[in-house]
Amino acid sequence: TQDKKYTTTMKNANNTVRSVVTVESDAPKNTSVQKTNSKSDNELGSGVVYKIVGDTFFVLTNTHIVGEADKVKITYGENNSIKGDVVGKDKWSDIAVVKAKINDKNIKPIRIGNSDKLVLGESILIVGNPLGEEFRNTVSKGIISGLNRLVPVDFDKDNKNDELMQTFQIDASVNPGNSGGAVVNKDGELIGIVSLKINMPSIEGMGFAIPINEGKSIAKELEKNGFYINENEPCKAECEITFSFKRVIFRAYRSFMDYL
């Protein structure tokens, strides 16, 4: 019997899992989706190792995963765990940075791609930990199904939009626990961080990821200051019109836009 051909997709999947960890905070769950882990009521998701400085690993994840915690549990490799420090977080972008000293030579920083060059319809892989450690290193495949999506997010669950997140749309399978996980392109490069999806009985395959160029820029500020200040010009009239328009369009399923 001939050996199975080792495809580029297989290579990218096996390389990416070496950069993805599980992130769990002691904060109460911040999403309306079902429990991601039957053994825990804590917020749990994924994270991506994006750089190493000395013996310190830096992990990109989501703000809604770390919550208000200063420390989080990082699980890696064969169910090894360690406490990591929350370097900084920005709730408006849902980007957070955690650092930890991980003693595992198999954990590698992921290669960073360029999300400004995303192409509608290009193939992607999603790597994360849906439902927690029991299903760690789960890989799903899909395409980029939408670019430049402004997704309304209700942070405080008061049924009012608080922010329009800049994302791109994906059709690959994502589930609770995938949040903070990696979106990689055909070259195995990180192009996005999974954040949320539309959770409705009649809707399938509408997930959203944060472009890595934005995530990388925010992470740099979080490393430096612990917080992020958006230096763009204040929103003018046309921005408010866009926000109002999106509020109307998304009103029907606002409550179904869930973090993962």
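Considering all non-hydrogen atoms of both residues, Val119 and Glu122 come closest at N-OE2, 2.7 Å. Looking at every heavy atom in both residues, Leu222 comes nearest to Lys89 through CD2-N, 3.5 Å. Considering every non-hydrogen atom in both Ile191 and Phe168, the closest pair reads O-CE2, 3.6 Å. Of all heavy-atom pairs spanning Tyr228 and Asp90, the tightest one is CD2-OD2, 3.7 Å. Of all heavy-atom pairs between Val127 and Val20, the closest is CG1-CG2, 3.8 Å. Here the shortest heavy-atom pairing between Asp171 and Ile143 reads OD1-N, 2.7 Å.
Ile110 is listed as a side-chain neighbour of Val184, based on a closest heavy-atom distance under 4.5 Å. By the 4.5 Å heavy-atom criterion applied to side chains, Val183 and Leu190 are not counted as neighbours. Residues Ser179 and His64 meet the side-chain proximity criterion, which asks for heavy atoms closer than 4.5 Å. Counting heavy atoms from C-beta outward, Met165 and Ser93 have side chains that stay 4.5 Å or more apart.
Looking only at atom types and distance, the side chain of Asn12 has no donor-acceptor partner in the side chain of Thr9 under 3.5 Å away. Using modelled atom types, one finds a donor on one side chain and an acceptor on the other under 3.5 Å when comparing Thr22 with Glu133.
Within the structure, the salt bridge (charged side-chain N to carboxylate O under 4.0 Å, His left out) test picks out the following pairs touching residues 182-196 (sequence neighbours left out): Arg111-Glu189.
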Q: Give the intermediate values and the outcome of side chain to side chain contact (heavy atoms under 4.5 Å, CB included) for residues Leu44 and Val23.
A: CA-CA 6 Å; Leu44 184 148; Val23 180; over 6 Å; no
Q: Assess whether side chain to side chain donor-acceptor pair (under 3.5 Å) is satisfied between Lys108 and Ser19, documenting all intermediate values.
A: CA-CA 5 Å; Lys108 304 289 184 183; Ser19 304; over 6 Å; no
(Q) Please determine whether side chain to side chain contact (heavy atoms under 4.5 Å, CB included) holds for the pair Glu43 and Glu24, giving the CA-CA distance in whole Å, both sets of side-chain angles, and the decisive distance to 0.1 Å. (A) CA-CA 6 Å; Glu43 192 66 64; Glu24 182 176 1; over 6 Å; no
Q: Decide yes or no on side chain to side chain contact (heavy atoms under 4.5 Å, CB included) for Ile210 and Ile95, but give the supporting numbers first.
A: CA-CA 8 Å; Ile210 303 161; Ile95 288 291; 3.8 Å; yes
(Q) Using the rule given for side chain to side chain contact (heavy atoms under 4.5 Å, CB included), can you reason through Leu60 versus Ile212, listing the C-alpha separation, both sets of side-chain angles and the distance that settles it, and then say yes or no? (A) CA-CA 10 Å; Leu60 203 58; Ile212 193 56; 3.7 Å; yes
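A donor-acceptor pair under 3.5 Å links the side-chain atoms of Thr138 to the main chain of Phe135, judged by distance alone. At distances below 3.5 Å, at least one donor-acceptor pair connects side-chain atoms of Ser46 with backbone N or O atoms of Asn129. Side chain of Asn62 to main chain of Asp94: a donor-acceptor pair is present (N/O by atom type, distance under 3.5 Å, no hydrogens or angles). In terms of modelled atom types and a separation under 3.5 Å, the side chain of Lys141 and the main chain of Ile126 share no donor-acceptor contact. The closest donor-acceptor contact from the side chain of Lys197 to the backbone of Val174 lies under 3.5 Å. Distance alone, capped at 3.5 Å, is enough to place a donor-acceptor pair between the Asp104 side chain and the Asn106 backbone.
For NZ of Lys83, the number of neighbouring non-hydrogen atoms (other residues, nucleotides, ligands) closer than 6.0 Å is greater than 12. Within 6.0 Å of the CG atom in Asn103, the count of heavy atoms belonging to other residues, nucleotides or ligands does not exceed 12.
When the side chain to side chain donor-acceptor pair (under 3.5 Å) test is applied to Thr61, no partner is found at least two apart in sequence or on another chain. Residues satisfying the side chain to side chain donor-acceptor pair (under 3.5 Å) test with Asn114, not counting sequence neighbours, are Asn213. For the salt bridge (charged side-chain N to carboxylate O under 4.0 Å, His left out) test, no residue two or more places apart in sequence or in another chain qualifies with Asp116. For Lys51, the salt bridge (charged side-chain N to carboxylate O under 4.0 Å, His left out) partners are Glu223, not counting sequence neighbours.
Glu214 contributes atom CD, which lies 9.5 Å from atom OG1 of Thr167 (distance to the nearest 0.5 angstrom). The structure places CG of Asp55 at 10.5 Å from CD1 of Ile102, a figure rounded to the nearest 0.5 Å. Note: Leu118 CG to Ile124 CD1 = 9.5 Å, rounded to the nearest 0.5 Å.
Each of Tyr6 and Leu125 belongs to its own hydrophobic cluster when Ile, Leu, Val, Met, Phe, Trp and Tyr are linked at side-chain heavy-atom distances under 4.5 angstrom. Hydrophobic clustering (ILVMFWY, side-chain heavy atoms < 4.5 Å, transitive): Val59 and Ile52 are in one cluster. Under a hydrophobic-cluster definition in which Ile, Leu, Val, Met, Phe, Trp and Tyr are linked whenever side-chain heavy atoms come within less than 4.5 Å, directly or via other members, Ile170 and Leu120 are assigned to the same cluster.
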Residues 69-82 side chain polar contacts: donor-acceptor under 3.5 Å, at least two apart:
residue, atom, partner, partner atom, Å
Lys71, NZ, Asp85, OD1, 2.3
Glu78, OE1, Arg136, NH2, 3.3

